[in-house]
There are 2 protein chains.
Amino acid sequence: MSLRHALLAVLTAEPMTGYNLIRYFDGTVAYMWQAPHSQIYPELRRMEQDELVEVEVVPRGKRAEKRVYSLTGKGLAELRAWLEEPTLYPPERDPSRVRAAHFEFSSYAAARAQLRAHRAHYAAALATWEGMVDDLEARRVPLLDSRLRQRPRAEHEAIVEFKRFAFRGESAKARAEIDWAEEGLALLDRLEGEGVPFWGEG
Amino acid sequence: MSLRHALLAVLTAEPMTGYNLIRYFDGTVAYMWQAPHSQIYPELRRMEQDELVEVEVVPRGKRAEKRVYSLTGKGLAELRAWLEEPTLYPPERDPSRVRAAHFEFSSYAAARAQLRAHRAHYAAALATWEGMVDDLEARRVPLLDSRLRQRPRAEHEAIVEFKRFAFRGESAKARAEIDWAEEGLALLDRLEGEGVPFWGEG
DNA sequence: GTAGTCATGTAAGAGGTTACATGATTAG
DNA sequence: CTAATCATGTAACCTCTTACATGACTAC
């Protein structure tokens, strides 16, 4: 139940509505754990029932209302307990790798297109993630300030460093995928140069 | 629906029972796409209904029977079509990264334990995947021979190379994760050396 | 008034996990 | 005879995706 813990982690920064939580989530945590609003709103309701968060219903304009969620003591305890639990590694499930393993049923053109798309996908991701690292250094990340304000100054370095560290992990993975795609393109060039046929050409 | 296509890919090697398919799957494709037998048996039934595979019910001993699946023309066409489709990249969902981003709610000891476990997890995976690359080179992989026998000799190199390439991708990812964990451990050492406190110590 | 943003849901269905369940065959 | 392996399922439950749905507020 990592979604729940990701939401708890966001709420440590400050109380907020589901809508704001989702906006912030999409700008940060979603690079490590994605979730649509259709999953988040119901989850917040369940977390409320489990007393991990509290709600304040606040009027908005004349007729409307909004629900402002804040972390409870139990919620923080749950987050801390989760951080100490041994991580369960989700099963590998990578469609681009399955495809690559069976390129012989495809064609040089299609295989190249797959690898170029792979490279483009991770290049875009890399740019985003490196941008996030820059934003963290420059303290341009929404909610980072309110997060820091809650903790003594001595802890600030660690807080920022851990976030940078997480994004560097994503960046490293993206770089590995880009290199892999390049390697695959070189392999295709070599095989085609040697005149090696396969299904698509046979 | 990548599971379906992963199963079709395995069945290109030779006709086999669900049981054998699962054994082979677990030894190879599962490193890129995992699935339990409770998902595979029903999927094979659905693939049969969709005429992607054919079944021969074969007696086994005196009383028992087994169902031997083989790929149909439609099944091979479906596999080939899938290989040309643009890959849909599954959303990022990495619990170890989410944890790392919030280590400040944990303690030095717990954060170190997480990163050591991360390193151990990917070191084990790396050993497995590098072993797979060796086995492919030495042609020790079950079904590889029957797969090759079906295709002209000129294609063999490409077939083996694509499988090696896929596993090298997994290996590269594992190496990136190991490096990341090392980097994190070094970061923890530095912060602790500088006397930086956080939640667990506050 | 109207477009963009704020705000919060529901619901059907696909995909995946975990546990339960059974029984035949074969090698020793 | 007994353990390992061969063989095939079902079912409950959870998670996630996709689509549908609504309406208030705010700046122009």
[X] [atom1] to [N] [atom2], straight-line distance once rounded to whole Å:
X       : N      : atom1 : atom2 : value
B:Trp33 : C:dT17 : CH2   : P     : 10 Å
B:Arg4  : C:dG15 : CZ    : P     : 9 Å
B:Phe25 : D:dC6  : CZ    : P     : 18 Å
A:Gln34 : D:dT18 : CD    : P     : 11 Å
A:Leu88 : C:dT18 : CG    : C1'   : 13 Å
A:Tyr69 : C:dC6  : OH    : C1'   : 15 Å
B:Glu65 : D:dA7  : CD    : P     : 13 Å
A:Arg46 : D:dC16 : CZ    : P     : 10 Å

**Item:** Distance under 6.0 Å and angle within 45° of ring axis: B:Arg97 vs B:Trp180
**Value:** yes

**Request:** Any chance you could measure A:Asp135, atom CG, to A:Lys163, atom NZ, to the nearest 0.5 Å?
**Result:** 14.5 Å

**Fill in**
Closest to the 5' end of DNA chain D, once B:His37 and A:Met1 are matched to their nearest nucleotides, is B:His37

**Item:** Along DNA chain D (nearest heavy atom to each residue), the more 5'-positioned of B:Pro42 and A:Leu3
**Value:** B:Pro42

Closest listed nucleotide, where the reference is the side chain of [X] and the choices are [options]:
X       : options               : answer
A:Tyr41 : C:dA7, D:dG9, D:dA7   : C:dA7
A:Arg63 : D:dA7, D:dC25, C:dA11 : D:dC25
B:Arg45 : D:dC16, D:dT8, C:dA7  : D:dT8
B:Arg67 : D:dA7, D:dG23, D:dG9  : D:dG9
B:Lys66 : C:dT8, C:dT18, D:dA7  : D:dA7
A:Arg60 : D:dT8, D:dC25, C:dT17 : D:dC25
A:Pro91 : C:dT8, C:dT17, C:dA21 : C:dT17

**Asked** Using a cut-off of 4.0 Å on non-hydrogen atoms, how would the nucleic acid contact of A:Arg23 be classed: base, sugar-phosphate, or nothing?
**Response** sugar-phosphate

**Prompt:** Within the structure shown, what part of the strands sits under 4.0 Å from A:Arg93 by heavy-atom distance: base, sugar-phosphate, or nothing?
**Reply:** sugar-phosphate

**Request:** Ignoring backbone atoms, test whether B:Tyr19 places a side-chain nitrogen or oxygen under 4.0 Å from the OP1 or OP2 oxygen of D:dT8.
**Result:** no

**Asked** Is any side-chain N or O of B:Asn20 closer than 4.0 Å to OP1 or OP2 of D:dA7?
**Response** yes

**Item:** Residues A:Asp134 and A:Arg140 bridged, charged N to O under 4.0 Å
**Value:** no

**Request:** May I ask you to decide whether B:Glu177 forms a salt bridge with B:Lys173, counting only side-chain N to carboxylate O separations under 4.0 Å?
**Result:** no

**Prompt:** Do A:Thr17 and C:dT8 share a donor-acceptor pair, side chain to base, under 3.5 Å?
**Reply:** no

**Steps toward side chain to side chain donor-acceptor pair (under 3.5 Å) verdict (A:Gln114, B:Thr87)** = CA-CA 7 Å; A:Gln114 288 293 347; B:Thr87 296; 2.8 Å; yes

**Asked** Under 3.5 Å, is there a donor-acceptor pair linking the side chains of A:Tyr19 and A:His37?
**Response** no

